[in-house]
Amino acid sequence: MIKSIPGTKDILPEEIIYWKNLENIVHQIFSNFNYKEIRTPIFEETILFSRGIGEETDIVGKEMYTFFDKGNTSLTLKPEMTASVVRSFIEHSLGKLQPLNKLYYISPMFRQERPQAGRQRQFHQFGCEAIGSNSPILDGEIIITAYRILQKLNLKDLKVKINSLGIPSARESYKKILREYLRNKLHLLSEDSRKRFENNILRIFDSKIESDIDVVKDAPKLIDYIDDESKKDFEVVKELLTNNEIPFEIDSKLVRGLDYYCKTTFEIISGKVGAQSALCGGGRYDLLIEQLGGPPTPGVGFAAGIERILLACKNENSTTLPEESIDIFIIRIDDELIKEVFNIADILRRGSLKVEIDYLGKSVKSQMREANKLKAKFVLLIGGTEYKYQKYILKVMKTGEQIELSANNFLELQSLIYQKISAY
RNA sequence: GUGAGCGUAGCUCAGUUGGUUAGAGUAUCAGGUUGUGGCCCUGAGGGUCAUGGGUUCAAAUCCCAUCGCUCACCCCA
């Protein structure tokens, strides 16, 4: 049996309703905040991501789906969206059309990792990028949009964590301070963290190893060493969240993995999705656009994992969607009438009713059972003898009541049916 | 890349110290008196017991290998 690639999943009809529900909410909330949807290709030149996300990151270092096309260009399936949006922003000079572009997206992403709960190789994110303003109001706004979406999905077990990384120069001087602090404690750290000491010292804070956590517990905090502007902006973000009733906590250990972040970073986690608890993460990236060859332009954005969110919804039992049903099931008593049945169905369907018929030549009993299973609101019965005299029976499934209709043609039948069913 | 656990019907799972033709629930299909649903009843189809090898008179059951899946680590959404 040919199976789907590990880490990829089919989204079957019974789950699609939950996806659509989420997508509708995403479109709605972003529309409320006047964000415009953007769609970019599923693959890009590899250099976009290696330059944008950072050569040293795990995403670029070991997780990208990279291949060569026939022109021998290195291409990569997008592992995240920010670099693509920024590329598009630069390519189409969006910054010249208007100073601020508020963009959002829903899209598949690809990372080659070992799958586990809440982690796939093809997964889906929605998110936004607000490009063109350094106002911390936007930092707050995107956190609020994310939170409102999760709220609308009825998720309860949520935690918003925020931090500020400061501007790069402030962060660099903090790194020195941290390095000094840890230097004589190196022997207490795990092997991985000793590696991080060399490569990316901030990530020691991410460690889940108890001895590591112990070592950094009393280390100097980044938040105490950031520049004044970042501090001021951070205060604005906090105030905005408080004013708009978003509960949050400051997590000085929150260091996002991608190179381009500065100032505000945030994450929303759920206690209901297993080990991969981050539903959503993002922050500010004021240097990225210039770094990718665009005009110096500040930006801020986030990405949210749809599979993780749906998993949280499922585990919290937060979503109750209306049962699917159909309007009319047309039953034929004589199998010969299939063409007439199809014809009537078509007329009703053109009138926007959801109509189903039998294609398998089932008995009347079986057709009734099928109608019941599909939760048909009405059944239209077409019999051999009555049909000759243009008589039809409309059955109201809920009550069992049967109404006899008499019509000279299908159009007349249609209007009769509309009359009758609108009464219910 | 590392570690652990699990593979029996479409799905969820029983299957005794190894012992006849591998079961249940659910789902599917059909029937339950002329042409009418739900509840109920009856019946049917559906299995290379993941695959390959080994031990044994005898293997779903014990052993080995392979494959697949799941969870966790790393990292991230």
Side-chain angles (χ1 to χ4, degrees), chain A residues 1-7 9 12 14 53 56-64 78-82 106-127 146 150 190-193 195-196 199-200 203 206-209 212 254-258 266-270 273-282 301-312 329 331-335 337 360-387 393-402:
Chain A
M1 184 170 46
I2 300 173
K3 303 208 282 191
S4 72
I5 306 297
K9 273 188 178 157
L12 299 173
E14 59 173 18
I53 301 170
E56 299 306 314
T57 60
D58 278 29
I59 291 180
V60 173
K62 57 182 198 190
E63 293 170 5
M64 293 204 301
K78 59 185 173 191
E80 60 109 44
M81 193 68 173
T82 304
I106 302 177
S107 173
M109 307 289 166
F110 305 84
R111 292 183 201 171
Q112 204 164 158
E113 297 181 271
R114 192 67 72 82
Q116 70 186 71
R119 164 177 293 155
Q120 291 169 215
R121 291 184 170 178
Q122 175 175 345
F123 60 105
H124 298 77
Q125 293 185 327
F126 66 83
L150 299 177
S190 66
E191 197 188 323
D192 279 346
S193 285
K195 256 183 230 157
R196 294 186 183 116
N199 303 333
N200 194 340
R203 282 213 219 138
D206 278 341
S207 179
K208 287 173 189 167
I209 300 167
D212 286 353
L254 181 65
V255 183
R256 315 243 72 245
L258 312 184
F266 80 99
E267 200 169 88
I268 301 177
I269 63 171
S270 163
V273 291
Q276 306 308 318
S277 58
L279 298 185
C280 171
F302 76 82
I306 295 180
E307 282 85 356
R308 286 184 188 178
I309 291 171
L310 291 177
L311 190 59
F329 192 102
I331 289 179
R332 59 181 184 279
I333 276 140
D334 184 341
D335 200 33
L337 292 168
L360 304 174
K362 289 182 173 187
S363 66
V364 171
K365 184 194 200 73
S366 285
Q367 289 182 77
M368 272 311 281
R369 280 183 174 163
E370 183 72 10
N372 186 62
K373 198 172 71 187
L374 296 174
K375 303 200 166 52
K377 296 187 190 77
F378 301 89
V379 155
L380 185 69
L381 284 124
I382 300 181
T385 39
E386 291 107 317
Y387 178 69
I393 297 166
L394 185 68
K395 177 164 184 167
V396 185
M397 289 300 269
K398 205 170 168 185
T399 60
E401 175 188 1
Q402 302 202 146

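These numbers were taken from a predicted model, which means no experiment stands behind them.
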Quiz item: Is a donor-acceptor contact shorter than 3.5 angstrom present between the side chain of A:Arg203 and the base of B:C76?
Solution: no
Determine the contact category for [X]: base if any of its heavy atoms lies under 4.0 Å from a base atom, sugar-phosphate if only primed atoms, P, OP1 or OP2 are that close, otherwise nothing.
X        : value
A:Gln402 : base
A:Lys395 : base
A:Thr385 : base
A:Gly118 : base
A:Glu14  : nothing
A:Ile309 : nothing
A:Gln120 : base
A:Glu113 : base
A:Gly400 : base
A:Leu279 : sugar-phosphate
A:Glu307 : nothing
A:Lys3   : sugar-phosphate
A:Ile306 : nothing

Self-check item: Flag side-chain contact, heavy atom, 4.5 Å: A:Glu63 against A:Pro79
Solution: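 A:Glu63 does not reach A:Pro79 side chain to side chain.
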Quiz item: Does the side chain of A:Ser4 come within less than 4.5 Å of A:Lys9's, by heavy atoms?
Solution: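 Answer no - side chains too far apart.
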Quiz item: Taking only residues two or more places apart in sequence, or in another chain, which ones meet A:Lys375 in a side chain to side chain contact (heavy atoms under 4.5 Å, CB included)?
Solution: A:Glu323, A:Ser325
In this structure, how many angstroms lie between the [atom2] atom of [N] and the [atom1] atom of [X], rounded?
X        : N     : atom1 : atom2 : answer
A:Ile106 : B:A77 : CD1   : P     : 18 Å
A:Gln125 : B:C76 : CD    : P     : 13 Å
A:Ile333 : B:U36 : CD1   : P     : 8 Å
A:Lys377 : B:G38 : NZ    : C1'   : 17 Å
A:Leu360 : B:A30 : CG    : C1'   : 13 Å
A:Phe302 : B:A77 : CZ    : P     : 12 Å
A:Glu386 : B:U34 : CD    : C1'   : 13 Å
A:Phe266 : B:C76 : CZ    : C1'   : 15 Å

Which value, in whole Å, describes the distance between the [atom1] atoms of nucleotides [N] and [M]?
N     : M     : atom1 : answer
B:C63 : B:G18 : P     : 11 Å
B:A24 : B:G5  : C1'   : 26 Å
B:G23 : B:A4  : P     : 37 Å
B:U26 : B:A44 : P     : 16 Å
B:U8  : B:U61 : P     : 13 Å
B:G10 : B:U28 : P     : 15 Å
B:U17 : B:C62 : P     : 11 Å
B:A60 : B:U55 : P     : 16 Å

Practice problem: Would you give the length of the straight line joining atom CG of A:Leu311 to atom OG of A:Ser270, rounded to the nearest 0.5 angstrom? | Solution: 8.0 Å
Quiz prompt | Spacing of A:Arg111 atom CZ and A:Lys62 atom NZ [to the nearest 0.5 Å] | solution = 12.5 Å
Under 4.0 Å: is that the gap between some side-chain N or O of [X] and OP1 or OP2 of [N]?
X        : N     : result
A:Gln116 : B:C73 : yes
A:Thr57  : B:C75 : no
A:Ser366 : B:G31 : yes

Quiz item: Is the CD atom of A:Glu401 crowded by more than 12 outside heavy atoms at less than 6.0 Å?
Solution: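 Count over threshold, so yes.
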Quiz item: Should we say atom CG of A:Leu12 is surrounded by more than 12 heavy atoms from elsewhere, each under 6.0 Å from it?
Solution: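 More than 12 within 6.0 Å, yes.
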Proximity to the side chain of [X] - top-ranked nucleotide from [options]:
X        : options             : answer
A:Val364 : B:C71, B:A77, B:U36 : B:U36
A:Arg196 : B:G31, B:C76, B:C75 : B:C75
A:Pro6   : B:C69, B:A77, B:A72 : B:C69
A:Lys365 : B:C73, B:G31, B:G32 : B:G32

Below 3.5 Å between N/O atoms, which protein atoms pair up with nucleotides 2-4 of chain B? Just atom names and distances, please.
from, atom 1, to, atom 2, distance (Å)
B:U2, O4, A:Arg114, NH1, 2.9

Only distances under 3.5 Å count here; give the side-chain donor-acceptor pairs of residues 361-372 of chain A to other protein atoms, sequence neighbours excluded, each with its distance to 0.1 Å.
from, atom 1, to, atom 2, distance (Å)
A:Lys362, NZ, A:Glu370, OE1, 3.4
A:Ser363, OG, A:Ser366, N, 3.2
A:Ser363, OG, A:Ser366, OG, 3.3
A:Gln367, OE1, A:Arg332, N, 3.2
A:Gln367, NE2, A:Arg332, O, 2.9
A:Gln367, NE2, A:Lys362, O, 3.1

Exercise. Give a yes or no on whether the backbone of A:Leu279 and the side-chain of A:Arg308 come within a donor-acceptor separation of less than 3.5 Å.
Key: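 A pair under 3.5 Å: no.
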Quiz item: For nucleotides 6-13 of chain B, read 5' to 3', which letter fits each nucleotide if B means a protein heavy atom sits under 4.0 Å from the base, S means only the sugar-phosphate is that close, and - means neither?
Solution: --------
Exercise. Go through the steps for A:Asp58 and A:Arg203 under the test side chain to side chain contact (heavy atoms under 4.5 Å, CB included), then give the verdict.
Key: CA-CA 12 Å; A:Asp58 278 29; A:Arg203 282 213 219 138; 4.0 Å; yes
Practice problem: Within residues 367-375 of chain A, find the residues that approach RNA chain B with a heavy atom at under 4.0 Å, and present them sorted by residue number. | Solution: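 Nucleic-acid contacts, sorted: A:Met368, A:Arg369, A:Asn372, A:Lys373.
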Quiz item: What heavy-atom pair brings A:Pro6 and A:Arg121 nearest, and what distance separates the two atoms?
Solution: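 For A:Pro6 versus A:Arg121, the nearest heavy atoms are O-CD, 3.3 Å.
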Quiz item: Given A:Gln402 and A:Leu381, is the side chain to side chain contact (heavy atoms under 4.5 Å, CB included) satisfied, shown in steps?
Solution: CA-CA 10 Å; A:Gln402 302 202 146; A:Leu381 284 124; 4.2 Å; yes
Quiz item: For RNA chain B, what string of dots and brackets results from 5' to 3' when Watson-Crick and G-U pairs need both distances under 3.5 Å, crossing pairs get [ ], and pairs with another strand get |?
Solution: (((((((..((((.....[...)))).(((((.......))))).....(((((..]....))))))))))))....
Quiz prompt | Full working for side chain to side chain contact (heavy atoms under 4.5 Å, CB included) between A:Met397 and A:Lys377 | solution = CA-CA 6 Å; A:Met397 289 300 269; A:Lys377 296 187 190 77; over 6 Å; no
